[in-house]
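Chain letters run A, B, ... following the sequence lines, proteins first and then strands; every chain starts at 1.
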2 protein chains.
Amino acid sequence: MMDINTKVSCKECNHGWENFKNLTEEELNYANKNRFQADFKPGEIILKQGTPSSNAVFLISGMAKIYIEGYDNKRMMVGIAKPRRLIAGPGTYVDERHHYSVAALTDVSACFIKMDVLKELVHRNSKFAEGWLRDISEKALGTFYKFLSHTQKKMHGRLAETLIYLADEIHNSDDYTMLLSRQELGELSGMAKESVVRILKVFSEDKIIEDKCPHIKILKREKLQMISKNG
Amino acid sequence: MMDINTKVSCKECNHGWENFKNLTEEELNYANKNRFQADFKPGEIILKQGTPSSNAVFLISGMAKIYIEGYDNKRMMVGIAKPRRLIAGPGTYVDERHHYSVAALTDVSACFIKMDVLKELVHRNSKFAEGWLRDISEKALGTFYKFLSHTQKKMHGRLAETLIYLADEIHNSDDYTMLLSRQELGELSGMAKESVVRILKVFSEDKIIEDKCPHIKILKREKLQMISKNG
DNA sequence: TTCACGTATTGATATAAGTCAATAAAGAAA
DNA sequence: TTTCTTTATTGACTTATATCAATACGTGAA
């Protein structure tokens, strides 16, 4: 499962965290020295909720799902991780535990950097600290609005929102191969898998999307956005 | 509404943000120089969603509700603000806008400190930056678990949770005067006001709480916790 | 190919929770 | 005090959504 092969250094890496740009060459080398790399197959768990958050994770390639294991064995998917984003979770500065799990959706190559090292860099470099503050803030804001949407929108609106999220944030296209099962789409949109199936059927019948099972194509984006907004 | 009376300095203040302890005397003076104070009556708005987040707010005394104005004029209450906590919101480092409103629940005395000043202090003092990271992280984690609870628990569980939250985090007692109307309790617990009334009645009938209208007394804490957990 | 297993789909049904409308109670103002 | 206004309560009803059960589909292993 884990394959320690340090091919590239952080300096040459194009998939790194934006905030690494705030580091000096020496600081970046320091991070790089404390980095190791591992590959995962679809379904494999990269981070497990409850374990010590001793490392930050960055995906070099592939996608992974971020989810909380909640009450009664129900899962809540928080979002989808992709390269160039820190995966650390808000536990880092609170109790040094992961508060969610991360599992590969595709083949994934990931870098692990010791959390102590990143925390040390926060001390040394205030630009880096500020960058991290910005990063956490963006994510917190995202969670906030997702919370609002789950609390106040009905199922149709939430699923429309999810389809748009996948198009805009994950695939950068209105025409994509669905990474997620109906079950997982439900976990991401806060509904039962059967509800996902039923609503997708309605969207298809109304020619708002085309759904050739693993392929999704958004046909009427405005209409989908309207459903997302008012639903 | 606003009364510019700078009575005490940050240095002598006992109600300040924990993170101010990380500042040197000189830095604290710098913050203090850029501070102003204002008083609010119950119902008055301290911060309005959508406005520029040019100032951080700290309550010196009193309580306020933090809420998002969502879709369809529905409100979602995020929590209750009390002294010793930063009220700034995750917008600070993203788009410099407030993403929620804050309104006084009681008489409130509040300090405003220019956000630019706090950001400047982040640059100067990495301990302070780290303290802020910790602060944001704690809040994000809180939001996370509230999100989970709203998504996965049923109404009884959510209301039980809210009653315990008010006892533990706000009043430090199982016997307290309810700050919130039924409507507001609903906004905080994610349900209609009528549902709040009905469930409170059930809790009363089951002798889990005593509800002499503005006064709430938790009689069977274990039972309430069980409902909160399994509900 | 056939089998086995997970996933998707569909329909029937149960349950949770919101909405509406009427009334009661509690405060605030005159 | 009386009146006015807001908030709380209650019951009847509607709607959203989950659950359960049966069946179909799809894919990899043998």
Side-chain angles (χ1 to χ4, degrees), chain A residues 41-43 65 70-77 103 105 149-163 177-205 209-216 227-228 230-231, chain B residues 41-43 65 70-77 103 105-106 149-163 177-205 209-216 227 230-231:
Chain A
K41 296 231 165 304
K65 59 175 176 177
Y71 310 95
D72 213 12
N73 284 319
K74 260 184 224 155
R75 286 173 182 176
M76 177 176 89
M77 203 187 297
L105 286 169
S149 136
H150 276 237
T151 314
Q152 300 198 340
K153 284 184 192 173
K154 277 172 281 173
M155 289 198 301
H156 293 244
R158 299 200 304 268
L159 191 58
E161 184 175 88
T162 297
L163 293 176
T177 302
M178 176 57 66
L179 278 166
L180 306 172
S181 68
R182 310 291 151 147
Q183 173 68 39
E184 288 169 324
L185 266 176
E187 288 165 9
L188 183 55
S189 311
M191 65 188 72
K193 59 184 184 304
E194 293 91 338
S195 299
V196 173
V197 170
R198 276 184 256 266
I199 295 168
L200 283 180
K201 199 183 169 194
V202 172
F203 288 172
S204 291
E205 282 167 359
I209 61 166
E210 183 185 277
D211 176 24
K212 287 185 179 160
C213 195
H215 301 283
I216 289 278
I227 294 169
S228 164
N230 303 326
Chain B
K41 297 231 164 304
K65 60 174 175 176
Y71 311 94
D72 213 13
N73 285 320
K74 260 184 223 153
R75 286 173 181 176
M76 177 176 89
M77 201 186 299
L105 285 168
T106 64
S149 136
H150 275 237
T151 315
Q152 301 197 341
K153 284 184 191 173
K154 276 171 281 172
M155 289 198 301
H156 293 244
R158 299 201 305 267
L159 192 58
E161 184 175 87
T162 297
L163 293 175
T177 303
M178 176 58 65
L179 279 166
L180 306 173
S181 68
R182 309 292 152 148
Q183 173 68 38
E184 287 169 325
L185 267 176
E187 288 166 10
L188 184 56
S189 311
M191 65 188 72
K193 59 184 185 304
E194 293 92 337
S195 300
V196 172
V197 170
R198 277 183 256 266
I199 295 168
L200 283 178
K201 200 183 169 193
V202 172
F203 287 173
S204 290
E205 282 167 359
I209 62 166
E210 183 183 277
D211 176 23
K212 289 185 180 159
C213 195
H215 300 283
I216 289 279
I227 294 168
N230 303 326

> Base, backbone or nothing for each nucleotide of nucleotides 7-20 of chain D, written B, S, -, heavy atoms under 4.0 angstrom, 5' to 3'?
Replying inline: -SSBBB---SSSBB
> Is there a side-chain contact between A/Lys153 and A/Ser228, using heavy atoms and a 4.5 Å cut-off?
Replying inline: yes
> Hey, are the side chains of A/Glu184 and A/Leu105 touching, using non-hydrogen atoms and a 4.5 Å cut-off?
Replying inline: yes
> Under the 3.5 angstrom rule, does the side chain of B/Arg158 hit a backbone N or O of B/Ser149 as a donor-acceptor pair?
Replying inline: no
> Can B/Arg182 and B/Asp211 be said to form a salt bridge (Lys or Arg N to Asp or Glu O under 4.0 Å), step by step?
Replying inline: CA-CA 12 Å; B/Arg182 309 292 152 148; B/Asp211 176 23; 3.5 Å; yes
> Can you tell me how far C1' of C/dA8 sits from CE of A/Met178, to the nearest Å?
Replying inline: 14 Å
> With a 4.5 Å limit on heavy-atom distance, are the side chains of B/Glu210 and B/Ser204 in contact?
Replying inline: no
> Rounding to a whole Å, what distance do you find between B/Ile199:CD1 and C/dT15:C1'?
Replying inline: 14 Å
>> Working note: A/Met191 + A/Lys154, criterion side chain to side chain contact (heavy atoms under 4.5 Å, CB included); need CA distance, chi angles, decisive distance, verdict.
In response: CA-CA 10 Å; A/Met191 65 188 72; A/Lys154 277 172 281 173; over 6 Å; no
> Any side-chain heavy atom of B/Met178 sitting closer than 4.5 Å to one from B/Leu185?
Replying inline: yes
> Is there side-chain contact between B/Leu163 and B/Phe203, with heavy atoms separated by less than 4.5 Å?
Replying inline: yes
> Between the axis at one end of the helix from C/dT1-D/dA30 to C/dA30-D/dT1 and the axis at the other (five pairs apiece), what's the angle to 10 degrees?
Replying inline: 40°
>> Please report the interatomic distance CD1(A/Ile216) to CD1(A/Ile209), rounded to the nearest 0.5 Å.
In response: 4.5 Å
>> Protein within reach of the bases, or only the backbone? For nucleotides 22-27 of chain C, mark each nucleotide 5' to 3' as B, S or -, using heavy atoms under 4.0 Å.
In response: ------
> Do the non-hydrogen side-chain atoms of B/Gln152 and A/Asp72 ever get within less than 4.5 Å of each other?
Replying inline: no
